[in-house]
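Written out below as structure tokens is the structure these notes cover.
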Amino acid sequence: MTNQEIASIFYEIARMLELKDENQFRIRSYEKAARNIETLTEPISEIVQQGQLNKIPGIGQSIGAKIEELLSTGKLKQYEELKSSVPQGLLEIANLPGLGQKRARILYQKLNIKNVKGLERACKQGKVQELPGFGMKIEENILAAIAMQKSIGKRLLLFQGLDIANRIVRELGKMKQIKKLEPAGSLRRRKETIGDIDILCTVDDPSKSSKLVMERFVKLPMVKTVIAKGETKSSVRVEDDVQVDLRVVDDNSFGAAMMYFTGSKDHNIAIRTRALKMGCTINEYGLFEVGNNKPVAGKTERELFEKLKLQYIPPELRECRGELESAEKEQLPVLVEQSDIKGDSHVHSTYSDGAGTIDEIADGAEKRGYEWIAVTDHSQSLKIANGLEPKRVIQKIEEIRKYNEQNKNVRVLCGTEVDIMSDGSLDYDDELLSRLDIVVAAIHSGFKQPKEILTKRIVRAMENKYVHIIAHPTGRHFGKREPYELDMTEIFRVALETGTALEINAHPVRLDLPDFYCQKAAEKGVQIAIGTDAHALWELEYMELGVSVARRGWLSKNNIWNSRSYSQLAKILGRKRGD
DNA sequence: GCCGTTTTCGGCCCGACTGTTTTCAGTCG
């Protein structure tokens, strides 16, 4: 049983306990355990074998025993019992926006509604509005929520979220009443997918301008529906049914509000608990000493962290993954920045399925201020992507050699994204690989093989001295494919041993390695290479997404090949080949 | 159900908005 499967069971238990109106803290315990299991990098079965289960935060005696029961029997008695006592359709009902476990329970008890279909019918018959605590408006909202659920159901990619937020900021930013205007939330943390978009702003004269800003916000051209509109907070739905919240806060509270609306739920709880221990309370308006309603801090995040006796925690780290402990000891890493990046290790040219010639790609790299760029076209087996026959590889080597002779501003590395075949061999022979500057190896087929086989394929590729980087190591593809199963402990071990880098593929639908694996890889000393996988010139911009993943993975520039100058990189690449 | 620099018991974050109420519960983030 995989970590994800076990985590999903605990999430489901939490939701069913909610419906049974159980103690909220007990529910939170299950959620917390699930979140922590989900982000483990080792199979939980191994942790159990080593007797280290109680080392995982949020897992105590009771949940620990349940994990062991699941691993040994494949089942969990409590879970089975819960499932038979809670109609499964109720979970779905409680998940509808505007509804929760309380109302779902009332619907079940009073009208015997067990699923969304039944709910829709009851609403249309006007039965729901007659229930105590319900009314006409709620009935309407439920119908709207059901209709919307049919049309969506997936989270937004970071890339899309950034685009929408940027456009809103650009539009609203035209208002002269607005002083500060910044996205917060999971977007500011640069989470790989975004549930909704939170934007905060301050205005010159709150008593007058707040209202104007809200008026303007709910009437922006991209707004499709208005969910809520108040003096300080409004929520709208824009294209693709994405929810956007705008809050107006006081200038003196801006830092506190940014902090409050940026941190993940767990991070905020940890911050709050810390404030309490220091005899303070913190909310979106500021940090207050108990019994005193004049804030000690609140205008900037920096002063708040200072008062909390913490190093400044960059937004990307505010996920409750040990950042408070590190910040307390002043041991947070200096995170890599876009300005540290000197090259891109994964780009496709018109030789295979890319959109730029060698000249154009080099030009694009120069415009971005890079020292080097690796042109890594697909190998021969990937026919669908116009993979290169050996003959054309030679031709490409020759063209790039000539380019580098005539142009000195950017160094173009001739590379390949070579397929790792289903038996772990490579799509080109060693002789051809040895003639390339850089070799990126990737799995593009046989995703459904068992974990052991997939792991072995990648291990075998890394053991080849001509392979420098493993591209998109977990194979995940948002909205299309779950990551395939791998023994990441083994992969990290061999990567370190062989001097192979793991890629952060910066393409918006991949962002692979995932951030929590980056953190683990860095702890083990494994190096990371960020590649945009650009198939069009403008896609070189994806580098910023890759840097975000690296930052969320606690990486500093030392962990990353892209921060190396060309000569440093050439040495690293040569070292693996044994030059 | 977890956790511990007051604690093995008693805490566990907190405010805005909506809709149904006529002072507040439910939901959300």
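A note on names: the letters A, B, ... follow the listed sequences, proteins ahead of strands, and every chain is numbered from 1.
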For DNA chain B, which residues in [range] have a heavy atom at a distance below 4.0 Å?
| range | result |
| --- | --- |
| residues 13-38 of chain A | A/Asn23, A/Phe25, A/Arg26, A/Arg28, A/Ser29, A/Tyr30 |
| residues 304-332 of chain A | none |
| residues 196-215 of chain A | A/Asp196, A/Asp198 |

[X] bridged to [Y] by N-O distance under 4.0 Å:
| X | Y | value |
| --- | --- | --- |
| A/Glu130 | A/Lys127 | no |
| A/Glu490 | A/Arg493 | yes |
| A/Asp251 | A/Lys180 | yes |

Qualifying residues under ring-ring contact (aromatic ring centres under 6.0 Å, His included), relative to A/His507, sequence neighbours excluded: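 ring-ring contact (aromatic ring centres under 6.0 Å, His included) check on A/His507 returns A/Tyr542.
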
I'd like the [atom1] distance from [M] over to [N], given in whole Å.
| N | M | atom1 | value |
| --- | --- | --- | --- |
| B/dT7 | B/dC14 | C1' | 24 Å |
| B/dG10 | B/dA16 | C1' | 29 Å |
| B/dT23 | B/dC28 | P | 26 Å |
| B/dG15 | B/dT8 | C1' | 33 Å |
| B/dC17 | B/dC13 | P | 23 Å |
| B/dT6 | B/dC12 | P | 15 Å |

Residue A/Pro97, side-chain heavy atoms: nucleotide from B/dG1, B/dC28, B/dC14 that is nearest: B/dC28

Candidates B/dG26, B/dG15, B/dG1 - which lies nearest the side chain of A/Tyr285: B/dG15

Rounding to an integer number of Å, can you tell me how far [X] [atom1] sits from [N] [atom2]?
| X | N | atom1 | atom2 | result |
| --- | --- | --- | --- | --- |
| A/Ile271 | B/dC13 | CD1 | C1' | 12 Å |
| A/Met259 | B/dC13 | CE | P | 16 Å |
| A/Gln61 | B/dG1 | CD | P | 11 Å |
| A/Ile106 | B/dG26 | CD1 | P | 7 Å |
| A/Lys191 | B/dG29 | NZ | P | 14 Å |
| A/His267 | B/dC12 | NE2 | P | 19 Å |
| A/Leu99 | B/dC28 | CG | P | 8 Å |
| A/Arg247 | B/dC14 | CZ | P | 17 Å |

Side-chain donor/acceptor of A/Tyr260 to base of B/dG29, under 3.5 Å: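 Result: at least one qualifying N/O pair found.
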
Donor-acceptor pair, side chain of A/Gln311 and main chain of A/Leu332, under 3.5 angstrom: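 Yes; at least one donor-acceptor contact below 3.5 Å.
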
Under 4.0 Å: is that the gap between some side-chain N or O of [X] and OP1 or OP2 of [N]?
| X | N | value |
| --- | --- | --- |
| A/Asn268 | B/dC13 | no |
| A/Lys277 | B/dG4 | no |
| A/Thr281 | B/dC13 | no |

Contact summary for A/Val48 and A/Leu71, nearest pair of heavy atoms: CG2-CD1, 3.6 Å

Member of A/Arg552, A/Arg190, A/Arg551 meeting the side chain to side chain donor-acceptor pair (under 3.5 Å) criterion with A/Asp515: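 Among the candidates, only A/Arg552 passes.
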
Nucleotide N/O to protein N/O under 3.5 Å, stretch nucleotides 17-21 of chain B:
| unit_1 | atom_1 | unit_2 | atom_2 | d |
| --- | --- | --- | --- | --- |
| B/dC17 | OP1 | A/Thr232 | N | 3.1 |
| B/dC17 | OP1 | A/Thr232 | OG1 | 2.9 |
| B/dC17 | OP1 | A/Lys233 | N | 2.8 |
| B/dT18 | OP1 | A/Lys229 | N | 2.7 |
| B/dT18 | OP1 | A/Lys229 | O | 3.4 |
| B/dG19 | OP1 | A/Asn141 | ND2 | 3.4 |
| B/dT20 | OP1 | A/Gly135 | N | 2.9 |
| B/dT20 | OP1 | A/Gly135 | O | 3.2 |
| B/dT20 | OP1 | A/Met136 | N | 3.1 |
| B/dT20 | OP1 | A/Lys137 | N | 3.3 |
| B/dT20 | OP1 | A/Ile138 | N | 3.4 |

Test salt bridge (Lys or Arg N to Asp or Glu O under 4.0 Å) applied to A/Arg15 - qualifying residues, sequence neighbours left out: none

Listed partners of A/Arg188 passing salt bridge (Lys or Arg N to Asp or Glu O under 4.0 Å), at least two apart: A/Glu301

Touch class at under 4.0 angstrom, heavy-atom based, for A/Leu96 against every strand present: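 Since only primed, P, OP1 and OP2 atoms lie under 4.0 Å of A/Leu96, the category is sugar-phosphate.
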
Filter on salt bridge (Lys or Arg N to Asp or Glu O under 4.0 Å), then keep only pairs touching [range], sequence neighbours left out; what's left?
| range | value |
| --- | --- |
| residues 272-287 of chain A | A/Arg274-A/Glu328 |
| residues 34-52 of chain A | A/Arg35-A/Asp266 |
| residues 79-97 of chain A | A/Lys77-A/Glu81 |
| residues 111-125 of chain A | A/Glu120-A/Lys124, A/Glu120-A/Lys150 |

Residue met sooner reading DNA chain B from 5', once A/Lys102 and A/Asn283 are mapped to nucleotides: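 Closest to the 5' end, via its nearest nucleotide, is A/Asn283.
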
Nearest-nucleotide 5' precedence on DNA chain B, A/Arg272 against A/Gly60: A/Gly60

Geometric cation-pi criterion A/Arg318 and A/Tyr312, 6.0 Å radius, 45° cone: yes

No-hydrogen, no-angle side-chain donor-acceptor test under 3.5 Å, A/Ser264 and A/Lys191: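 No donor-acceptor contact under 3.5 Å links the two side chains.
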
Partner nucleotide, any strand, of B/dT27 [Watson-Crick/G-U, under 3.5 Å]: B/dA16

Pair listing, side chain to side chain donor-acceptor pair (under 3.5 Å) test, anchored in residues 136-146 of chain A, at least two apart: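 Sorted pair list: A/Gln129-A/Glu139.
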
